[in-house]
Trainee: 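Okay, handing you the structure first.
For clarity, every value in this text was computed on a predicted model and none was experimentally measured.
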Amino acid sequence: MSSSSFNFTLLVPLIVGCLMAASATSNFYQDFDITWGDGRGKVVNNGELLTLSLDKASGSGFQSKNEYIFGKIDMQLKLVPGNSAGTVTAYYLSSKGSTWDEIDFEFLGNLSGDPYILHTNVFSQGKGNREQQFYLWFDPTADFHTYSILWNPQRIIFSVDGTPIREFKNMESIGIPFPKNQPMRIYSSLWNADDWATRGGLVKTDWTQAPFTASYRNFNANACVWSNGASSCKSNSPSSASTNSAWFSQQLDSTSQQRLQWVQKNYMIYNYCSDAKRFPQGLPPECNMS
């Protein structure tokens with residue numbers, strides 16, 4: 001379906017404010033550490049661009065210097081072009097420990113001309129199994145696109161170029177844990193997963209195409225920063241009088257709800273809540289909530 005069949009109005013205006021851990025003009029030297037890859041991860045253009053590369057010997061990855069406890073996180077990515085089958089570019093928030101919380105974007109590579117799969121998941125207290133997968137309505141290798149995570153005490157919203165694709169609500173009232181107490185770092189990695197990533201592992205990585213490279217720019221975080229056991233936001237709650245903190249109580253308006261439904265109708269290719277065979281004892285309880 002072409003994007004012309006959908007009215008792409010802007011989302012709620014992007015909030016820029018003093019709660020940010022990173023300024024709007026992000027600097028990867030300032031905000032991130034390359035953590036593995038033996039030189040395959042690089043920061044260039046005076047800190048404005050970060051690239052990760054993968055070859056047969058190793059992939060690469062980075063993580064944020066800060067930990068966050070709620071926030072609106074934006075990053076622009078340009079994915080591995082051409083034959084990217086077998087590769088995975090992961091971009092996610094995660095805490096540590098055996099009962100960790102995690103909010104995932106993973107981009108599963110494919111043969112030239114075949115679409116990437118955008119894989120999403122939410123872990124709370126070490127439990128995931130909440131996968132939703134999507135095709136995109138554009139070529140994510142041709143240019144940079146913005147991938148966003150809104151995480152506040154009421155909901156998690158995944159967005160692509162300002163269009164919401166998934167919402168996971170706080171449903172603690174029916175006994176479903178929600179990520180809210182564990183600070184999380186931002187992580188990203190490019191790695192070989194040809195045992196499962198493309199057509200269930202049937203299509204292997206073509207190493208003659210290496211090195212594979214993904215690029216990142218324009219990181220932005222309106223967020224509560226966790227440091228020395230405390231949040232930069234009082235009681236994890238920005239001042240209600242501050243216009244900078246709209247993300248803390250943000251929800252989808254009617255237009256955004258329509259956009260979300262459009263994406264899920266036309267571009268969702270897997271939803272755990274529709275996979276009855278996977279859950280013979282019954283679908284997870286959040287699947288029964290409207």
Trainee: Does any non-hydrogen side-chain atom of Ile103 lie less than 4.5 Å from one of Tyr92?
Mentor: no
Trainee: Nearest 0.5 Å, please: how far is OG in Ser189 from CH2 in Trp36?
Mentor: 5.5 Å
Trainee: Applying the side-chain contact (heavy atoms from CB on, under 4.5 Å) criterion to Gln182, which one of Ser95, Ser124, Ser94 satisfies it?
Mentor: Ser95
Trainee: Check this for me, if you would: do Asp33 and Lys65 make a salt bridge, where the nitrogen-to-carboxylate-oxygen distance has to be below 4.0 angstrom?
Mentor: yes
Trainee: Does the distance from a Lys or Arg side-chain N to an Asp or Glu carboxylate O, for Lys169 and Glu286, drop under 4.0 Å?
Mentor: no
Trainee: Taking Ile73 as the fixed residue, which of Trp151, Phe219, Trp247 is the one that meets the side-chain contact (heavy atoms from CB on, under 4.5 Å) rule?
Mentor: Phe219
Trainee: May I ask you to decide whether Asp74 forms a salt bridge with Lys72, counting only side-chain N to carboxylate O separations under 4.0 Å?
Mentor: yes
Trainee: With rounding to the nearest 0.5 angstrom, report the OG1 to CG distance, Thr87 to Leu54.
Mentor: 7.0 Å
Trainee: Before giving the answer on side chain to side chain contact (heavy atoms under 4.5 Å, CB included), spell out for Phe123 and Asp104 the whole-Å C-alpha distance, their side-chain angles and the decisive distance to 0.1 Å.
Mentor: CA-CA 8 Å; Phe123 287 76; Asp104 285 342; 3.6 Å; yes
Trainee: Students often mix this up, so state it plainly: with edges at 30° and 60°, are the rings of Tyr216 and Phe62 parallel, tilted or perpendicular?
Mentor: perpendicular
Trainee: Taking Glu131 first and then Arg278, would you say they form a salt bridge - that is, a charged N and a carboxylate O separated by under 4.0 Å?
Mentor: yes
Trainee: Any chance the side chains of Asn170 and Glu172 put a donor and an acceptor closer than 3.5 Å?
Mentor: yes
Trainee: Where does the angle between the aromatic ring planes of Phe28 and Phe32 fall among parallel (under 30°), tilted (30 to 60°) and perpendicular (over 60°)?
Mentor: tilted
